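All of these numbers come straight from a predicted model, not from anything done at the bench. Just so we're on the same page: letters track the sequence lines, and every chain starts at 1.
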Amino acid sequence: MPSSSLALDGLIEITLTVNGESVTGRADARTHLVDFLRREFGLTGSHLGCEQGVCGACTVRLDGRIVRGCLIYAVQAAGRRVETIEGLSDSGEIADLQAAFHERNALQCGYCTPGMLLTAAELLAMRPNAGRAEIRRFLSGNFCRCTGYQAIVDAVDATAKRRQVARR
Amino acid sequence: MSGSAADGVPASPLSYLDRPNSYIGRSVARPNARRLLAGQGQYVGDIVLARMLHVAFYRSPHAHARIGRIDVAAAAASREVVWVVTGADILGICKPWVGVLGHLKGMKSAPQPALALDRVFAQGEPIVAVVARSQAAAEDAVQKIAVDFEALPPLTEPEAALAEGAPVLHPELGDNLAFERRIEVGAVDAAFAAAAAVVEDTFDFARQTGVTLEPRGIVADYRAADGRLTLYQSSQAPHMMRALMARQFGLPESDIRVVAPDIGGSFGIKIHCYPDEMATVALAILLKRPVKFVADRLESFVSDIHARGHRVRGRMAVDAEGRILAFVADALTGVGPYSAYPRTSAVEANQVINLIGGPYVFPAYRARARVAFQNKVVMSQYRAVGHPIACTVTEALIDRAAAALGLDPAEMRRRNLIKDDAYPVTSAVGLKFEGLSHHRALAKMLEMMDYEALRAEQAALRARGIHRGIGLASFIEITNPSPAFYGAGGAPIAAQDGCAIRLDPEGGLTLQASVGEQGQGTETVLAQIAASVFDVPLARVRVVTGDTDTTPQGGDNWASRAAGIAGEATLQATKALKANVLEIAGALLQMPPARLDIRDGKVVEAASGAARFDLAEIARMVYFRTDALPEGVKPELMATRHYVPRGYPFAFTNGVQASYLEVDTATGAVTLLKHWVVEDCGTVINPLLVAEQLRGGIVQGIGGALYEECVYDEQGQMQNANMADYLVPMAAEMPDIEIGHVAGTPTAESELGAKGTGEAGVAAAPAAVLNAVNDALRPFAARVTAQPMTPECILRALGKLPSRRGAAGPAFG
């Protein structure tokens, strides 16, 4: 069965895996992924900040890698695997990172936070020995207006170090 | 200070501030941050109501134009469109408003409509509203609207707007001067005549905007059946909004409920009344259905208020020892075509001339602030209103005077800062300082940054052609505003705050407070106060804010007032509740309440510490077994208290910031190496939250210093109205920020002693960075006096690009 099909009203039926669950939703061809996730499945943890790929608030995972949810069309996700902050929270995958953010007050208003967490999680997975300068560079596509970033860098750095210790 | 016996609370050997279980002064994590970390926050954009419609706006593409025919036929015929509305359609229920305050003498503004009527005065002004069943459908239909405009010449520059013979934007006002204020204190001319040195510069501060990551948004829900209007609004000020909406739409205030859910950043942007939000409310009332408006980023840039946008000519006279004899300041700003409602657009300029010279002793001051109308987006209050402008002008002149006299900048400050033992002090301008710690803060700063070693490093590197600069900036910060502010000007903005606290049946506390949470940690701080006074674990305190139906009437969040004002209300309410509980316990135990106390969640005998009741036992008895209470006991397990500071107009805080940076003189690029801040905000309730307010504020301040500018062309078109072109600070460019503490100066006005801390970071960061840049440029006899200090700006200062400033600053003083 194809994972997307054109319905009579011009909406496209899209089947994909979201946070481990196979789901089907409908969207215009022009609907971007984050609008689709928010409207069709109530996954409002991914936020809209700029809708031009600059701020990072809509960051989600597509087939295991982070993407800007506003730069991917919903139809492009058909048949693929999407993970959002809700999925990562429920699975406990980033519980240590979330705890470090909490402890260090690495969030204020929380609007950038889901995107920031997904970005940081990817860095920690790809470059487990990243230092502060590399953390700053990797996070520099995610805008935070509240914290001034240092607490976020501290939280990611602390998580990296704790994971290094745990691996030994 | 612990509660006195007169309050019914026993005198404890330790105050609640230092009882063993006190949370005051402890860096506890914010309990309400957990849901945000899990993506379970609820922002306005997430709210979906039954039968909800969406509105999108056709906005003016012109900065100034007469509106001709508006053709909405195609839009109205579009799929899923419910209604297309022009200004005249909603004028009946939504009259234009005027953003003036009575205590700003002579201030004027024109009536501002929700949807423009016959003329538009700024790019982005809403003209037509399209209501549809989806946001996409509404936005599609907006594209089909055709408006005939007769373009008019835009008046963009404030100088031009105030020039003799300038066209008047609102003819009924007579001219384009929204507000003017002058200050004249002491013998200014004599001071300059006697000066050993006079320094002078004209400083330009670009327009900036807040760029809250969550754009503005509102869901308006009017239920005709019972006449109730509920607004879910991304707002810092639900209580103010409720009062304004009652006035605007002629509804009883008690029929209006304003809910501020999770707020994705505010910083003063979400405290004003915006035409698009007013129109949304009007549409919901007319349609009797919920209507949602969420700005997209492109319209945020041309509809959120802008701020700063000042040109200030500053002069300073000093004697041969470096003592300041006088300041002169002339501030000019353009605030768009209307003064913002209800806080006006005159407050920033007013604060600039209030705050110049703030940390220092000086006997003479002359100042003028002028606020002009122009054809740009409306400007109004944004975080640290006026502070960064006043601080930069002051601190840059201090550094120039130090250089003129051959003094070290730190020594220059030492000679002029108000002495730590001089308080209370009334400044030349009339600012009343209860207690500040400038000298302790400066000494701590110099030690923390190892000033001497840094100077030595700077000199060594300079010899190798590496140009680093060190910038200092002392500052004062306005917090805890008193009733002398907006309320006195006629705006329904409270200076008092309230807290209602109750003991729940299982022994926990529920606290309802009139201030809100935008991520700064208000709810945590209030919970810490209640938990400390009542002596229960923090986890047993639940805080409710952001809903006018369920919280006491109060002043909302602005000017760093939540901890200091609502914190004191919380303290007093908790003390009252504790007294009530001990009275009930005393009656049950047949003991005087004064011999009882609450410790670690239990009622104990004060002397021995022996536990007598769990709080849950008392609560359950009161709620469910009242029959078992002794005769005559009238249990009251909810207490409410309000607080307003009356003794001082503001609780000023103080501090000092320092910046260390490197300038690449070939490219004009600035690399920030390190930043420091020492601040005294009185009683510190949560050091972690104070530190993060400071860090976040500093980076916002750095944004203004180095990157942020609403770039306009001569036609009044904003050229960078999107997030890719409007530069904000990102993680890679920002320095680590070190924070130092001094023995503080708690305000004696309240038992809590807390002052605010939300403005301090923004207040002095631009000044510290500007002084550091100019320190780096010193060998080239170059200096920068404009912000943002872009590479281009620095190359101009170095003479590597032609200078841009043509005309001299305004002639004054």
K.L.:
Which atoms of A/Asp35 are under 4.5 Å from chain B, going by heavy atoms: the side chain, the backbone, both sets, or neither?
P.N.:
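Contact with chain B: none, neither part.
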K.L.:
Does CZ belonging to A/Arg167 count more than 12 external heavy atoms closer than 6.0 Å?
P.N.:
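For A/Arg167, atom CZ is crowded (more than 12 foreign heavy atoms under 6.0 Å).
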K.L.:
Quick one: which of A/Ser46, A/Ala151, A/Gly148 has the most heavy-atom pairs under 4.5 Å with chain B, could you say?
P.N.:
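Among the listed options, the one with the most contacts to chain B is A/Gly148.
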K.L.:
Name the region of A/Arg145, side chain, backbone, both or neither, that has any atom closer than 4.5 Å to a heavy atom of chain B.
P.N.:
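Both parts, heavy atoms under 4.5 Å.
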K.L.:
Based on non-hydrogen pairs under 4.5 Å, which of A/Ile94, A/Leu88, A/Val54 is most in contact with chain B?
P.N.:
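The residue among A/Ile94, A/Leu88, A/Val54 with the greatest pair count is A/Val54.
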K.L.:
Looking at B/Pro735, B/Ser300, B/Ala724, which has the largest count of heavy-atom pairs under 4.5 Å with chain A?
P.N.:
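Most pairs with chain A among the choices: B/Ala724.
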K.L.:
In terms of heavy-atom pairs under 4.5 Å, which option from B/Leu36, B/Val294, B/Val699 contacts chain A the most?
P.N.:
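Heavy-atom pairs under 4.5 Å are most numerous for B/Leu36.
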K.L.:
With chain B, which of A/Ala99, A/Cys50, A/Gly45 has the greatest number of heavy-atom pairs at distances under 4.5 Å?
P.N.:
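The answer is A/Cys50.
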K.L.:
So do A/Arg104 and B/Leu688 actually touch side chain to side chain, heavy atoms under 4.5 Å?
P.N.:
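Yes, close enough: below the 4.5 Å cut-off.
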K.L.:
Does B/Gln693 reach the side chain of A/Gln108, with side-chain heavy atoms less than 4.5 Å apart?
P.N.:
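In contact.
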K.L.:
Of the backbone (N, CA, C, O) and the side chain (C-beta and beyond), which part of B/Ala691 lies under 4.5 Å from a heavy atom of chain A, both, or neither?
P.N.:
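Neither part, no heavy atoms under 4.5 Å.
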K.L.:
Quick one: does A/Glu51's side chain have a donor or acceptor within less than 3.5 Å of a partner on B/Asp296's backbone?
P.N.:
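Not confirmed, A/Glu51 side chain does not pair with B/Asp296 backbone.
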K.L.:
Please indicate whether A/Phe41 has more than 12 foreign heavy atoms, meaning atoms of other residues, nucleotides or ligands, lying under 6.0 Å from its CZ.
P.N.:
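Yes, enclosed.
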K.L.:
So which heavy atom on A/Tyr111 is nearest to which on B/Pro215, and how close?
P.N.:
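Closest approach of A/Tyr111 to B/Pro215: OH-CD, 4.1 Å.
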K.L.:
Counting C-beta onward and ignoring hydrogens, is there a side-chain heavy-atom pair between B/Met734 and A/Gln150 closer than 4.5 Å?
P.N.:
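Counting from C-beta outward, B/Met734 and A/Gln150 never come under 4.5 Å.
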K.L.:
Quick one: which of A/Met116, A/Arg137, A/His47, A/Glu103 has the most heavy-atom pairs under 4.5 Å with chain B, could you say?
P.N.:
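Most heavy-atom pairs within the cutoff with chain B belong to A/His47.
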K.L.:
Quick one: what part of B/Gln518 sits under 4.5 Å from any heavy atom of chain A, side chain, backbone, both or neither?
P.N.:
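The answer is the backbone of B/Gln518.
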K.L.:
Of all the heavy-atom pairs spanning B/Asp736 and A/Arg132, show the shortest one and how long it is.
P.N.:
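Smallest interatomic distance, heavy atoms only, reads OD1-NH2, 3.2 Å.
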K.L.:
Tell me, side chain or backbone of A/Leu107 under 4.5 Å from chain B's heavy atoms, or both, or neither?
P.N.:
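When you check distances to chain B, atoms from both the backbone and side chain of A/Leu107 fall under 4.5 Å.
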K.L.:
Given the options B/Gln700, B/Glu517, B/Gln135, which has more heavy-atom pairs under 4.5 Å with chain A than any of the others?
P.N.:
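The candidate making the most pairs under 4.5 Å is B/Gln700.
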K.L.:
Checking heavy atoms, do the side chain of A/His102, its backbone, both or neither come under 4.5 Å from chain B?
P.N.:
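Its backbone and side chain both get close to chain B.
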K.L.:
Roughly how far, to the nearest 0.5 Å, is the SG atom of A/Cys109 from the CZ atom of B/Phe267?
P.N.:
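The SG atom of A/Cys109 is 6.0 Å from CZ of B/Phe267, to the nearest 0.5 Å.
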K.L.:
If you count heavy atoms of other groups shown closer than 6.0 angstrom to CZ of B/Arg79, is the number above 12?
P.N.:
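It does not: B/Arg79 CZ has 12 such atoms or fewer within range.
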K.L.:
Minimum heavy-atom separation for A/Ser89 and B/Ala38, please, with both atom names.
P.N.:
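For A/Ser89 versus B/Ala38, the nearest heavy atoms are OG-CA, 3.4 Å.
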K.L.:
Is it true that a side-chain atom of B/Arg695 and a backbone atom of A/Thr147 form a donor plus acceptor pair closer than 3.5 Å?
P.N.:
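No.
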K.L.:
Hey, is the main chain of A/Asn105 close enough, under 3.5 Å, to the side chain of B/Arg30 for a donor-acceptor pair?
P.N.:
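Such a contact is absent between B/Arg30 side chain and A/Asn105 backbone.
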K.L.:
In the structure I gave you, are the side-chain heavy atoms of B/Val48 and A/Arg38 within less than 4.5 Å of one another anywhere?
P.N.:
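Contact flag for B/Val48/A/Arg38 side chains = no.
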K.L.:
Looking at B/Leu298, B/Val728, B/Asp262, which makes the most heavy-atom pairs under 4.5 Å with chain A?
P.N.:
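Heavy-atom pairs under 4.5 Å are most numerous for B/Val728.
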K.L.:
By a 4.5 Å heavy-atom criterion (distance strictly below it), what part of B/Asn32 contacts chain A: side chain, backbone, both, or neither?
P.N.:
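No part of B/Asn32 comes within 4.5 Å of chain A.
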K.L.:
For the CD atom of B/Gln40 and the CD atom of A/Glu86, what is their distance to the nearest 0.5 Å?
P.N.:
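Reported value, rounded in 0.5 Å steps: 7.5 Å.
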K.L.:
So what's closer than 4.5 Å to chain A heavy atoms on B/Asp46: side chain, backbone, both or neither?
P.N.:
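It is both, since atoms from each part get that close.
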K.L.:
Show your working on side-chain contact (heavy atoms from CB on, under 4.5 Å) between A/Gln52 and B/Met723 and close with a plain yes or no.
P.N.:
CA-CA 8 Å; A/Gln52 62 174 137; B/Met723 220 150 153; 3.9 Å; yes
K.L.:
Quick check on B/Ile698 against chain A: is it the side chain, the backbone, both or neither that has a heavy atom closer than 4.5 Å?
P.N.:
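When you check distances to chain A, no heavy atom of B/Ile698 falls under 4.5 Å.
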K.L.:
Counting heavy-atom pairs under 4.5 Å with chain A, which one of B/Gln520, B/Gln42, B/Glu692, B/Arg35 comes out on top?
P.N.:
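Most heavy-atom pairs within the cutoff with chain A belong to B/Glu692.
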K.L.:
Is it the backbone or the side chain of A/Leu48 that comes under 4.5 Å from a heavy atom of chain B, or both, or neither?
P.N.:
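Contact with chain B is through the backbone of A/Leu48 alone.
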K.L.:
On a heavy-atom basis, which atom in A/Pro114 and which in B/Gly39 lie closest, and how many Å separate them?
P.N.:
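Answer, listing the atom of A/Pro114 first, then B/Gly39: CG-CA, 4.2 Å.
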K.L.:
Please find the pair of heavy atoms, one from B/Leu37 and one from A/Ile85, that lie closest to each other, and give the distance.
P.N.:
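It is O-CD1, 3.6 Å.
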K.L.:
Would you confirm whether A/Tyr149, through its side chain, and B/Pro729, through its main-chain N or O, come within 3.5 Å as a donor-acceptor pair?
P.N.:
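Pair found, side chain donor or acceptor close to backbone of B/Pro729.
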K.L.:
Would you call B/Asp140-A/Arg30 a salt bridge at under 4.0 Å N-O?
P.N.:
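Yes.
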